[in-house]
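Just below is one structure, and these are the notes that go with it.
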Number of protein chains: 2
Amino acid sequence: MYDADMSLPHALLGLLIVRPRSGYELTKEFESHIGRHAWAAGHTSIYPELNRMAENGLVEVTHEGARGSRTYAATEAGRAELRRWMFDRDRSRKVRNEEVLRMFLISALDPDDAVAYLRGIAEESAEKAAELAKLLAATGPIVQGDPEKFGLLAAEYGRRQYEAVHGWAEWAITQITGQAAEESRSSRATAS
Amino acid sequence: MYDADMSLPHALLGLLIVRPRSGYELTKEFESHIGRHAWAAGHTSIYPELNRMAENGLVEVTHEGARGSRTYAATEAGRAELRRWMFDRDRSRKVRNEEVLRMFLISALDPDDAVAYLRGIAEESAEKAAELAKLLAATGPIVQGDPEKFGLLAAEYGRRQYEAVHGWAEWAITQITGQAAEESRSSRATAS
DNA sequence: AGGGGCATGTAACATGTTACATGATTGT
DNA sequence: ACAATCATGTAACATGTTACATGCCCCT
C-alpha cells in the first residue's frame with residue numbers, strides 16, 4: 001500500500017474525488033487556496049505522481065481531450081485509500097511547520113526584535129483573518145459534498161486560527177513589554 | 001548566503017543561540033517539543049548540517065568533550081542570519097502543512113465520515129490544549145531571554161491554537177449534522 | 001568485563017525542485 | 001501567422017530518510 005505519510009497523492013485524490021480533473025487543472029488548483037495554505041506542489045511533481053497513482057489503480061483516465069490532456073478520476077480504491085489515510089491515527093508523522101518553528105525561535109531573539117516580530121505577526125494575522133471572513137461571507141452556508149463548497153470548512157478553520165494567532169501575538173507583546181517596563185522601573189528604583 | 005527557506009539550520013541556530021550544545025543534545029531536543037510540534041529532524045541530517053554551518057561560519061566548536069563530542073555555539077554571523085531569516089517577509093515560501101491539508105480534504109469524505117473525523121479532531125484538540133495548559137501552569141511567567149523558558153511562547157501559541165481547533169471542530173459538526181437533520185426533515189416532508 | 005547509552009558518521013534510496021524542453025490549440 | 005495559454009514531460013540537482021556502521025565512556 002501507500003506510505004502513510006505521503007501527502008501529495010492524498011491531496012490529489014481528495015481533489016479528484018470532488019471532481020475529475022486533468023493534471024493541468026490540478027496544477028492550477030495548487031496555485032490557489034490549497035497550495036497557499038495547505039500543501040504546495042508544482043506540475044513536475046503532480047504529473048509523475050498521477051502516472052504512478054494510475055499504475056496503482058487509485059485513479060483512472062476517464063477522458064482524453066485536446067492537446068493530449070487526460071482527465072483523471074478517483075477509483076473506488078482511491079476513495080478507500082483517502083479514507084484510510086484520513087483516519088490513520090499513526091502519529092509518528094513528522095511535523096514540518098515553519099510557522100510554528102518561528103514561534104519557537106522567537107525566544108532566541110532579543111526582546112526588541114521579539115516585539116517587532118510579534119507586531120508583524122499581529123498585523124498579518126488580522127489581515128488574513130479579515131480576508132477569510134470576507135471570503136466566507138461572500139459564499140453561502142457550507143454543504144457537505146458540494147464541489148462548489150470545497151475548502152470552506154478549511155477556510156473557517158483558517159479564519160479561527162488567524163484570530164487565535166492575533167490574540168496570542170497581542171498577549172505575547174504585553175508579556176514582553178510589560179516585563180521590560182517592570183525591569184526598567186525596578187532598575188531605576190535600584191539606581192536611585 | 002543561506003537560502004531563505006531552509007529551516008533546519010535556522011532551528012539549530014535558534015537552539016544554539018539560547019545555549020551552546022552538541023549535535024547529540026540537539027538531536028535529543030528534536031525528539032521533544034520542537035521536533036514534535038514544529039520541525040522534525042534526525043541525527044543524520046543534524047550532524048552534516050552542523051558541519052556545513054561551521055564551514056560557513058554560522059556556528060563554531062567551543063568545546064570538545066568525551067567520546068568525540070563537540071559543543072557548538074552560534075557565532076555573531078549566526079545570530080545575524082537567524083534574525084534575517086525571522087524577519088524575511090518573502091512569502092514565496094512553500095507551505096507544507098499536513099494538518100491543514102486534512103481540513104481541506106474533509107470535503108472529500110461523505111458526511112458520516114466527515115462527522116466521525118471531526119469528532120476525533122475535537123477530542124484530540126481538547127486533550128492537547130489541556131496538556132499544554134498543564135505544562136504552562138507548571139512553569140512560571142515567561143521571561144524573554146531565559147533559556148529555561150525557551151518555547152513557552154510557542155506553548156501558549158499551541159494552547160490557543162488547539163482551543164481554536166476544538167471550537168472549530170464542534171462548529172463544523174453542527175454545520176454538517178444540522179444540515180443532515182434538515183435534509184431528512186425535508187425529505188420526510190416531501191415523502192408524506 | 002560487559003551492557004547501555006553517548007556520540008558521530010556514511011551510503012543507498014526516495015522524494016522534491018529548478019531548469020530545460022516540446023508541441024498543440026485558441027483567439028486575434 | 002503569431003502570441004498566449006494549454007498540456008505534459010525529462011534531467012540534473014538538492015534535500016531528507018532509512019539502514020548500516022563504528023567506537024568511546026561510564027556504571028555496576
Side-chain angles (χ1 to χ4, degrees), chain A residues 1-12 15-16 20-32 34-35 38-56 59 61-72 90 92-98 101, chain B residues 1-12 15-16 20-32 34-35 38-56 59 61-72 90 92-98 101:
Chain A
M1 265 299 134
Y2 257 67
D3 260 343
D5 51 349
M6 284 182 61
S7 299
L8 179 58
H10 298 99
L12 295 172
L15 290 166
L16 293 178
R21 290 167 229 239
S22 66
Y24 189 80
E25 287 174 295
L26 288 164
T27 301
K28 275 190 304 179
E29 200 67 40
F30 277 89
E31 279 162 18
S32 71
I34 201 167
W39 203 266
H43 80 276
T44 55
S45 40
I46 291 169
Y47 288 120
E49 189 61 53
L50 284 170
N51 288 328
R52 225 172 306 154
M53 289 163 79
E55 274 170 39
N56 296 340
V59 297
V61 176
T62 55
H63 179 73
E64 310 216 357
R67 284 168 269 201
S69 90
R70 275 159 305 182
T71 302
Y72 291 89
D90 175 17
S92 63
R93 270 199 297 277
K94 51 211 160 243
V95 182
R96 191 144 286 194
N97 190 329
E98 203 173 297
L101 177 59
Chain B
M1 267 297 135
Y2 258 68
D3 260 341
D5 52 349
M6 283 182 59
S7 300
L8 179 58
H10 298 99
L12 295 171
L15 290 165
L16 293 177
R21 290 169 229 238
S22 66
Y24 190 81
E25 287 174 294
L26 288 164
T27 301
K28 276 191 302 178
E29 199 67 40
F30 277 89
E31 279 163 16
S32 71
I34 201 167
W39 202 267
H43 80 277
T44 54
S45 41
I46 291 170
Y47 288 121
E49 189 61 54
L50 284 171
N51 288 328
R52 226 173 306 154
M53 289 164 78
E55 274 170 40
N56 296 340
V59 297
V61 176
T62 55
H63 178 73
E64 310 217 357
R67 283 167 271 198
S69 89
R70 275 159 306 186
T71 302
Y72 291 88
D90 174 18
S92 61
R93 270 200 297 277
K94 53 213 158 236
V95 182
R96 192 144 285 191
N97 189 329
E98 202 174 298
L101 177 60

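To find a chain, count down the sequence lines: A is the first, B the second, and so on, and within it residues start at 1.
Side-chain proximity of B/S22 to C/dT26, C/dT8, C/dT17: nearest is C/dT8. In the set C/dT17, D/dG23, D/dA7, D/dA7 carries the atom at the smallest distance from any side-chain atom of A/Y24. Residue A/Y47 places its side chain closer to D/dA7 than to any other of D/dA7, C/dT8, C/dG5. Here the side chain of B/R67 is nearest to one of D/dG9, D/dC26, C/dG9, namely D/dC26. Taking every side-chain heavy atom of A/S45 into account, C/dT17 is the closest of C/dT17, C/dT25, D/dT8. The listed nucleotides are D/dT15, D/dA7, D/dC25; the one nearest the side chain of A/S69 is D/dA7.
Computed from coordinates, the A/L50 CG to C/dG16 P distance equals 13 Å when rounded to whole Å. At whole-Å resolution of the value, CG in A/L12 and P in C/dG16 are 11 Å apart. In this entry the distance linking CD of B/E64 with C1' of D/dG23 reads 16 Å, nearest Å. If you take CD of A/E25 and C1' of D/dC6, they are 11 Å apart, rounded to a whole angstrom. Taking atom CG on A/L26 and atom P on D/dA7, their separation rounds to 12 Å, with Å as the unit. Atom-to-atom, CD1 of B/I46 to P of C/dA7 comes out at 14 Å; the value is rounded to the nearest Å. Note: CE (B/M6) to C1' (C/dG16) measures 14 Å, nearest angstrom. Atom pair A/R70:CZ and D/dT8:P shows a separation of 6 Å (rounding to whole Å applied).
Across all strands, A/T44 comes closer than 4.0 Å to base atoms (heavy-atom distances). Contact annotation for A/G68: backbone-only contact, meaning every heavy-atom pair under 4.0 Å involves sugar-phosphate atoms and none involves a base.
Residues A/L8 and B/K28 each lie close to DNA chain C; by heavy-atom proximity, the contact nearer the 5' end of the strand is made by B/K28. Positionally, the nearest nucleotide of DNA chain D for A/H43 lies more toward the 5' end than for the other of A/H43 and B/G65.
One finds the CH2 atom of A/W39 at 11.5 Å from the CG atom of A/L12 (value rounded to the nearest 0.5 Å). Considering OH of A/Y72 and CG of A/L15, their distance stands at 14.5 Å, rounded to 0.5 Å. The CG atom of A/L16 sits 9.0 Å away from atom OG1 of A/T62, with the distance rounded to the nearest 0.5 Å.
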Exercise for the section: Determine, step by step, whether A/E49 and A/V59 satisfy the side chain to side chain contact (heavy atoms under 4.5 Å, CB included) criterion, reporting the C-alpha distance in whole Å, the side-chain angles of both residues, the deciding distance to 0.1 Å, and the verdict. Expected result: CA-CA 11 Å; A/E49 189 61 53; A/V59 297; over 6 Å; no

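Considering only side-chain N and O atoms, B/R96 lies under 4.0 angstrom from the phosphate OP1 or OP2 of C/dT17. Applying the 4.0 Å criterion to OP1 and OP2 of D/dT8, one finds that A/N51 has every side-chain N and O outside that range.
Across B/I46 and B/G23, no two heavy atoms sit closer than the pair CG2-O, 4.2 Å.
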